[in-house]
Amino acid sequence: MDLTSTEDVFKGDVKDVETDPNAQMEQCRKPIIRAVFEFAVTAGFDISLACDILIASTDAKFVDTHARFGFVKFCLLFC
């Protein structure tokens with residue numbers, strides 16, 4: 001079965017390394033280190049989870065607000 005003709009339909013599934021920061025993080029050969037001093041909210045929270053090393057101050061707060069907008073994010077935790 002050849003699915004190449006359906007590429008435009010499933011464009012959200014195609015990772016373009018040039019524009020997708022998650023794909024760039026996956027391709028990076030060096031460890032990605034993130035430091036959080038105050039807040040990591042929504043996208044900042046997702047980026048924190050994707051890093052190899054996370055350094056957080058005792059005042060750091062991690063907040064995932066996806067559910068507040070009706071989104072449930074399971075992919076980042078299991079991919």
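Quick note: numbers below take in every heavy atom, side chains included, and nothing from hydrogens, waters or symmetry partners.
- Screening V63, D64, D46 against V41 for a side chain to side chain contact (heavy atoms under 4.5 Å, CB included) leaves a single residue, V63.
- Hydrophobic cluster membership for I55: I33, I53 (Ile, Leu, Val, Met, Phe, Trp, Tyr linked by side-chain heavy atoms under 4.5 Å, directly or transitively).
- Note that CG of D52 is 7.5 Å distant from CE of M25, once rounded to the nearest 0.5 Å.
- In this structure, the side-chain contact (heavy atoms from CB on, under 4.5 Å) partners of F62, at least two apart in sequence or on a different chain, are V36, A40, F45, S48, L54, A56, A60.
- Going from atom CG of D59 over to atom CZ of F39 covers 9.0 Å, rounded to the nearest 0.5 Å.
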